[in-house]
Amino acid sequence: MHKAIVVPAPGGPEILRFEDVDLPQPGPKELLVRVAAAGVNFIDTYKRSGVYPMEYPFIPGAEAAGTVVAAGRDVTAFREGARVATAEGGGTYSEYTIMEADKALPIPDGVSNEIAAALPMQGMTAHYLCNSAFPVEEGQTVLTHAGAGGVGLLLIQLLKAKGATVITTASTDEKRELARSAGADHALPYDGFAEEVRHLTDGAGVDVVYDGVGKATFDGSLVSLRKRGMLVLFGGASGQVPPFDIQRLNSSGSLYLTRPTLGDYLLTPEERQWRAHDLFEMVREGTLDVRIGATYPLSEAARAQEDLEGRKTTGKVLLVP
């Protein structure tokens, strides 16, 4: 047996239970990993609340780092004692978790378990956003929301490394200053951001908006775009965007809209390793700062999710068994 967080039915953070569960056993192509730290992400709250259909009960979490304690018979890439991380696990809110060996990322020397747990999901999200969903080029102007959040702080740094001008939003003076310290050229409050973006771009609008906030920012994000600009809607922290008339894309300047998900940008082992290698190397070189904003004991997962949903956190939120 081991300790884990269990979601018995759809509901709010208070539904989460900390209890004993059976210790999982790895299949032929799997690893059993002792969890050093697990990442807390908005997708966990979507699954807990029922926004994403799930079979209940289940153990939440997809992101973690830790040490291999057992490997399946067909696994050749990892052995007992290896340090691994993943953004594509299952049941990581636990003391032990199963990882598919093909989706496990080797943690290089010089990167701590905590940083390795904080980086995969939000780091690879930031990587696919600016390298694949809309590949940003030097000289372009970008708006990204929630600049003090886990994805936002990483994305700002990746965008600046590409030579972009970065405009971001955040809810408080403290968070806006944090976004500026990550490299943002302009950090705006949410109220009236679209008008200010137009002002900052001399009326033209930005080339792309990366929007993980969703319902509360969607309309303003469309208004912020230049003609033929793209809105990359990658999350719904404020709620899911309701159906809308696609003729708005036409009348607003032949705009593009995409609603991507990380899994579709990790389709091959080569793509997965490319993104992870880039990020881990930037950490090792000191050119990417990974901010761990809050760490909670595993038993306090409900408080961690509540703080995340209430926008009380900055950077990455971790659970430690």
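Residue indices begin at 1 and follow the sequence shown. Note: hydrogens, waters and symmetry copies are ignored here, and every other heavy atom, side chains too, is used.
Sorted by first then second residue, the ring-ring contact (aromatic ring centres under 6.0 Å, His included) pairs that include residues 27-50, not counting sequence neighbours, are Tyr46-Tyr52.
At distances below 3.5 Å, not a single donor-acceptor pair connects side-chain atoms of Arg198 with backbone N or O atoms of Ser224. For Thr97 (side chain) and Val33 (main-chain N/O), no donor-acceptor pair under 3.5 Å exists by modelled atom type. One N or O on the side chain of Thr92 and one on the backbone of Ala62 form a donor-acceptor pair closer than 3.5 Å. When atom types are taken as modelled, the side chain of Arg228 and the backbone of Ser254 share no donor-acceptor pair closer than 3.5 angstrom. Side chain of Arg48 to main chain of Gly11: a donor-acceptor pair is present (N/O by atom type, distance under 3.5 Å, no hydrogens or angles). Looking only at distances, a side-chain donor or acceptor of His2 sits under 3.5 Å from a matching main-chain atom of Tyr96. Of the possible polar contacts, none joining the Arg226 side chain to the Val206 backbone as a donor-acceptor pair under 3.5 Å is found.
Annotation: Glu138, atom CD; neighbour count of heavy atoms from other residues, nucleotides and ligands within 6.0 Å does not exceed 12. A 6.0 Å sphere centred on CD1 of Ile246 holds no more than 12 heavy atoms belonging to other residues, nucleotides or ligands. Heavy-atom neighbours of Glu177 CD from other residues, nucleotides or ligands within 6.0 Å: above the threshold of 12. Within 6.0 Å of the CZ atom in Arg259, the count of heavy atoms belonging to other residues, nucleotides or ligands exceeds 12. More than 12 non-hydrogen atoms from other residues, nucleotides or ligands lie less than 6.0 angstrom from CZ of Arg248.
Counting heavy atoms from C-beta on, the side chains of Val208 and Gln140 never come closer than 4.5 Å. Annotation: side chain of Lys162 is not in contact with side chain of Leu158 (no heavy-atom distance under 4.5 Å). Side-chain contact between Pro120 and Leu105 is present, with at least one heavy-atom pair separated by less than 4.5 Å. Inter-residue side-chain proximity for Glu63 and Leu119 is flagged as unmet; no heavy-atom pair is nearer than 4.5 Å.
Scanning all heavy atoms of the two residues, the minimum distance from Tyr56 to Lys47 falls at OH-O, 2.9 Å. Across all their heavy atoms, Val232 and Ala133 have their closest contact at CG1-CB, 4.1 Å. Listed here is the closest heavy atom pair of Ile156 and Ala182: CG2-O, 3.5 Å. Residues Ala304 and Val317 share a closest heavy-atom pair of CB-CG1, 4.1 Å. The two atoms that bring Arg284 and Asp109 nearest to each other are NH1-O, 2.6 Å, heavy atoms only. When all heavy atoms of Met124 and Ala276 are compared, the closest pair comes out as SD-N, 4.1 Å.
Remark: Arg311 pairs with no residue by the side-chain hydrogen bond (donor to acceptor under 3.5 Å, both in side chains) rule, at least two apart or across chains.
One finds no salt bridge joining Glu306 and Arg303 here, because no Lys/Arg side-chain nitrogen approaches an Asp/Glu carboxylate oxygen to under 4.0 Å.
We find the CG-CG distance between Leu200 and Leu188 to be 6.0 Å, quoted to the nearest 0.5 Å. The distance from the CG atom of Leu32 to the CD1 atom of Ile98 is 5.0 Å, given to the nearest 0.5 Å. Considering CG of Leu155 and CD of Gln122, their distance stands at 11.0 Å, rounded to 0.5 Å.
The aromatic rings of His127 and Trp274 sit perpendicular to each other, their planes meeting at more than 60°, with 30° as the lower class boundary.
Ring-centre distance between Phe134 and Tyr256: not below the 6.0 Å cut-off.
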